[in-house]
Amino acid sequence: AITVYGSQLEAVKPASTGPGTYVATTTAAVTNYSPSTYIPTTTAAVSSLSGANDGLLVEEARTNIRLQSEDFGTTWIAGTQVTITPDQTMAPDGSLTADKIEPQGADTYAPLSQYVTLSTGGQSTLSWFCKADGTDWVALDVGNVGTQATVGLFDLTNGAVGSTPGADVVATGIEDYGNGWYRCWVTFNEDAVDAAGTFRITPASADNNYNVVATDSLFIWGAQLEAGAFPTSYIPTTTGSVTRNADTVGASSVAELSNGNHSIYVHASQPYETGQNNVAVSINDDTATDTHRSRKNGSNQGQFLFTATGDDGVSLLNGAYTGKAGTAGVRSAGAMSEDDAIAYWDGSVGSADNTADLPTGLTELDIGTERDTEYWNGHIKEIAYFDERLPNATLESYSLNGLPTIVEGYKYPRDAMPLDEARFHNFINDSGVTKTGDLQTDYRNACAAAANISDNNSVSINDAFKRLVEDQ
């Protein structure tokens, strides 16, 4: 005989595997809300609602001026053409807070709107999380703001941007957040004089067709309107606008990173084209006098920049970041010694600088910014610092393939040796041994020195490992 108990069928997030906690039912389905996987943070936001672990998210300050960003039955204007039913399905953050918007009647225009006052003469970005239900199409638009004209339409089945009528549309985009959810956004030019207007979301029956019927429903969540030329991570609001402070990540008193030959590797990504200077990492003297930064400039050039009391320097590559927004990112690796600076981006070499002086007096490490300016506005996946001028071939390899977790041909003693390439080189340098140029020999000598083996030529690498581990 077979005993059967506890049958369960459930919808899970795309990033999830395996069943959730068992929930008993009787005559109706039961929803068991389980929050998203906990993502620890310190001084900066980390990763995304989509469940992807993209690295450390570092963004500039932004303010969401859309009120009640998740509760559309409150300060929002629905009129007689549309009905809002709250908390009808799981939102992108895993909570049961997504509302349903349903047109009323046939061949009708069914907008949901809110009045907001903007600044004038700049750019703003409107975004919304949307999921298809009875219809596949949604429109975001801006109305009654002087002569301003902005509309963006989005296909929620194929994840595509449709028509963008209106002369003030600057850019649009749609991002897949899993489980049928998309974040749709449109950046637009603000009116030069008029600041107040209506900001709407509207179910559509097709591209550029706003005539809908009662079955053309959508799920919506997470409305955001922010000043800026691209969207940033979602900022929830209730009865007032909310400001997310700029992310600050770094360290002071890092003189050990400063005054000699060095190399820096960075793997970083950006979800959007920013049109700005964006710094991935900076080591500086807390002024603009002496700095070293890895940066993308407003023209999508890669820049490995130095300012010094003597001669400034730069290694530059045109187009290093062109077309890279929304991808896995760009790997860069650059090195500097006196009168010798060069960098690579995704395997392509930048210009060489043979006149740059080494910066001095560097005490501050800033990640994703430089002295609270030029924020990266994206994810920092990896950073590695080497206290030597790595060979060009090594820089090229790292920028093309990334850092190896171990070096081919070497085994690291547990708890005694570094686990990454940067610390591997630094271990050799810190040992004080005279480098021969052969990594295997240098590593054996460094292990032997750390283990107090005087005749290092008489021991094998494994013996040096063993002695070193035994001494820890």
Side-chain angles (χ1 to χ4, degrees), residues 11-16 36 47-52 54 57 64 66 69-70 72 82 84 87-103 110-112 124-142 150-165 169-188 199-210 212 215-226 230-236 269-273 325-328 378-379:
V12 299
K13 294 183 182 180
S16 304
S36 300
S47 201
S48 62
L49 287 169
S50 63
D54 300 319
L57 177 61
N64 184 4
R66 300 296 294 264
S69 63
E70 299 173 16
F72 303 108
V82 64
I84 300 297
D87 304 339
Q88 290 300 291
T89 193
M90 201 78 76
D93 70 344
S95 63
L96 189 61
T97 54
D99 294 356
K100 187 174 185 177
I101 177 171
E102 297 177 274
L112 176 70
S124 286
T125 299
L126 172 65
S127 61
W128 229 303
F129 290 88
C130 305
K131 181 177 180 178
D133 188 40
T135 184
D136 304 324
W137 285 87
V138 64
L140 307 185
D141 71 289
V142 180
T150 297
V151 180
L153 286 109
F154 304 89
D155 180 350
L156 301 177
T157 294
N158 298 304
V161 176
S163 300
T164 55
V169 175
V170 176
T172 56
I174 184 168
E175 302 167 71
D176 188 351
Y177 274 75
N179 197 29
W181 282 103
Y182 291 91
R183 191 186 192 194
C184 308
W185 60 270
V186 54
T187 297
F188 57 93
F199 298 83
R200 296 181 288 248
I201 185 169
T202 307
S205 57
D207 190 15
N208 212 20
N209 187 341
Y210 305 96
V212 291
T215 57
D216 288 336
S217 56
L218 295 169
F219 295 112
I220 56 175
W221 183 84
Q224 185 151 309
L225 179 61
E226 56 193 307
F230 53 90
T232 61
S233 58
Y234 170 58
I235 306 167
S269 64
Q270 294 178 307
Y272 315 106
E273 294 283 357
T327 70
H379 292 89

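As a basis for the values below, the full set of heavy atoms in this structure was taken, side chains included, without hydrogen atoms, waters or symmetry mates.
With a 4.5 Å cut-off on side-chain heavy atoms, T172 and L140 do not count as touching. A 4.5 Å side-chain heavy-atom check between T164 and V161 finds at least one atom pair inside the cut-off. You'll find the side chain of L126 reaches within 4.5 Å of the side chain of R66, heavy atoms only. The side-chain heavy atoms of Q224 and I235, taken from C-beta on, include a pair separated by under 4.5 Å. The shortest side-chain heavy-atom distance between V186 and T150 falls under the 4.5 Å cut-off. Using a 4.5 Å heavy-atom threshold, the side chains of P236 and E70 count as touching. Contact annotation: the side chain of I201 approaches that of C130 to within less than 4.5 Å [non-hydrogen atoms, C-beta and beyond]. Using a 4.5 Å heavy-atom cutoff, the side chains of Y210 and V151 are in contact.
For P203 against T135, the heavy-atom pair with the smallest separation is CB-CG2, 4.3 Å. Across every non-hydrogen atom of V82 and P111, the tightest pair is CG1-O, 3.6 Å. For the pair D216 and S205, the tightest heavy-atom approach, listed with the atom from each and the gap, is OD2-CB, 4.0 Å. Residues T97 and A91 approach most closely at OG1-CB, 3.5 Å, considering heavy atoms. The two residues P92 and W221 have their closest heavy-atom pair at CD-CE3, 3.4 Å. Closest approach of S269 and T327 over heavy atoms only: CB-O, 3.8 Å.
Under the ring-ring contact (aromatic ring centres under 6.0 Å, His included) criterion, W185 pairs with Y272, not counting sequence neighbours. Residues meeting the side-chain hydrogen bond (donor to acceptor under 3.5 Å, both in side chains) test with T157, sequence neighbours left out: D136. Residues that satisfy the side-chain hydrogen bond (donor to acceptor under 3.5 Å, both in side chains) test with K100, not counting sequence neighbours, are D133. With sequence neighbours left out, A204 forms a side chain to side chain contact (heavy atoms under 4.5 Å, CB included) with W137, L153. By the side-chain hydrogen bond (donor to acceptor under 3.5 Å, both in side chains) test, R183 is found to be paired with S127, residues two or more places apart in sequence or in another chain being considered.
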Going through the distances and angles, do V142 and F199 end up as a side chain to side chain contact (heavy atoms under 4.5 Å, CB included)?
-> CA-CA 5 Å; V142 180; F199 298 83; 3.4 Å; yes

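The aromatic rings of Y177 and F129 lie perpendicular to each other, with more than 60° between the two planes, well past the 30° mark.
The backbone N or O of V170 sits nowhere less than 3.5 Å from a side-chain atom of T187 that would complete a donor-acceptor pair. Checked by atom type and distance alone, the side chain of D176 never pairs as donor or acceptor with a backbone atom of Y182 at under 3.5 Å. Of the possible polar contacts, one joining the N64 side chain to the A223 backbone as a donor-acceptor pair under 3.5 Å is found.
Atom SG of C184 and atom CG of L156 lie 5.0 Å apart (nearest 0.5 Å). The CD1 atom of I84 sits 4.0 Å away from atom CD1 of I101, with the distance rounded to the nearest 0.5 Å. The distance from atom CG of D99 to atom CD1 of I220, rounded to the nearest 0.5 Å, is 6.0 Å.
Annotation: salt bridge (charged side-chain N to carboxylate O under 4.0 Å, His left out) contacts involving residues 199-209, sequence neighbours excluded, comprise D141-R200.
Here the two rings, on W128 and F154, have centers that are 6.0 Å apart or farther.
A donor-acceptor contact closer than 3.5 angstrom is absent between the side chains of E226 and S124.
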